[in-house]
Amino acid sequence: MITMLLVIDVGNTNIVLGVYKDTELLDHWRISTDRQRTTDEYGVLIRELFYLNDLRADDINAIIISSVVPPVVPTLERMCQRYFGLSPLLIGPGVKTGMDIRYDNPREVGADRIVNAVAAYEKYGGPVIIVDFGTATTFCAVDAKGVYLGGSICPGIGISTEALVQRTAKLPRIELKRTDSVICRNTIESMQAGVFYGFVGQVEGIVSRMRRELDMSARVVATGGLAVVIAPATKAIDVVEPMLTLEGLRIIYERNR
Ligand SMILES: Nc1ncnc2c1ncn2[C@@H]1O[C@H](COP(=O)(O)OP(=O)(O)OP(=O)(O)O)[C@@H](O)[C@H]1O
Ligand SMILES: CC(C)(CO)[C@@H](O)C(=O)NCCC(=O)O
Ligand SMILES: [K+]
């Protein structure tokens, strides 16, 4: 039987949804994470996205969810029951990820980080470093045997820039953009240079330290909304995989079916 799998990745800023027909990603969508949104509001929204893409709720025969925003989970679980007639598999204790987690308390690691690590190790093997540019920028290290060793968590590009704008009187909102120089002659370009090259430097700094602790030959895989903006500016990132979290969800579903 063909599996039609709905994968849902709940981040602090966005919920990314995808539909897999076996291993093929048919479509994917990004909606904002809103704790106030009700079961029915999520249901209607998802139904509408399906409709616009010629998909039907009845076509779906399994759902898997990864969330780093606990209050949204019960709402989405009810949505799955009511609009798909399915109980979703939720990434958490009891789910087989196939990955040994060396965190002091494995339950503490964000589900998105584990899902990313599973996908990156499956596709590239280890040692591998995963960088996710989301609400937070996370770095995770997986060794040659596929053990999740841990990593670093930094304030994300979006929220850092927001703080800079909010806590100053004269600094405007800017578009994240690469500048030609870091010696800039107006406010907007000065901020763009600082934000862009500051975060490029952060990636280079943390990746180089992580390589020294892990393995100098580790491959670096980047994902998250802003990966495609940062990656072209640095040799520290080997490959961008925009759908890494969705792929990881599909792989983990396979391991638990
Ligand atoms: N072009 C841009 N310039 C500045 N900030 C941006 C830009 N695009 C996105 N952001 C901000 O960067 C942050 C991360 O956005 P992104 O779309 O990467 O989130 P995400 O990968 O869905 O994160 P999460 O999984 O944590 O929800 C958000 O706070 C967003 O507002
Ligand atoms: C770091 C974030 C916010 C990134 O989405 C998420 O993975 C999370 O809430 N993690 C929990 C803390 C940890 O991973 O150690
Ligand atoms: K994400």
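For ligands, and for the atoms within them, numbers begin at 1 and follow the listed sequence. Quantities reported herein were computed from a predicted structural model and do not represent experimental measurements.
- At a 4.0 Å heavy-atom cut-off, ligand 2 touches N12 through the side chain alone.
- Under a 4.0 Å N-O distance rule, the pair D40/R82 qualifies as a salt bridge.
- Ion pairing between R209 and E204 fails under the 4.0 Å rule for side-chain N and carboxylate O.
- Nearest heavy atom pair, residue V203 against residue A236, reads CG1-CB, 4.2 Å.
- For ligand 2, one of its N or O atoms has an N or O atom of G110 under 3.5 Å away.
- Contact annotation: for T138 versus ligand 2, heavy atoms closer than 4.0 Å belong to the side chain alone.
- Ligand 2 lies within reach of D112, whose nearest heavy atom is under 4.0 Å from it.
- Ligand 2 places these atoms under 4.0 Å from at least one heavy atom of R113: 7 (O), 13 (C), 14 (O), 15 (O).
- Ion pairing between a basic and an acidic side chain is recognised when a charged N comes within 4.0 Å of a carboxylate O; E247 and R250 show such pairing.
- Salt bridge R211/D238: present, at least one basic N to carboxylate O contact under 4.0 Å.
- Using a 4.0 Å cut-off to heavy atoms of V109, the atoms of ligand 2 that qualify are 13 (C), 14 (O).
- The atoms of ligand 2 that sit less than 4.0 Å from any heavy atom of Y103 are 13 (C), 14 (O), 15 (O).
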What's the verdict on side chain to side chain donor-acceptor pair (under 3.5 Å) for S87 and E77, showing C-alpha distance, side-chain angles and the deciding distance?
CA-CA 7 Å; S87 301; E77 284 180 321; over 6 Å; no
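- Below 4.0 Å from some heavy atom of E108 lie the following atoms of ligand 2, by number and element: 11 (C), 12 (C), 13 (C), 14 (O), 15 (O).
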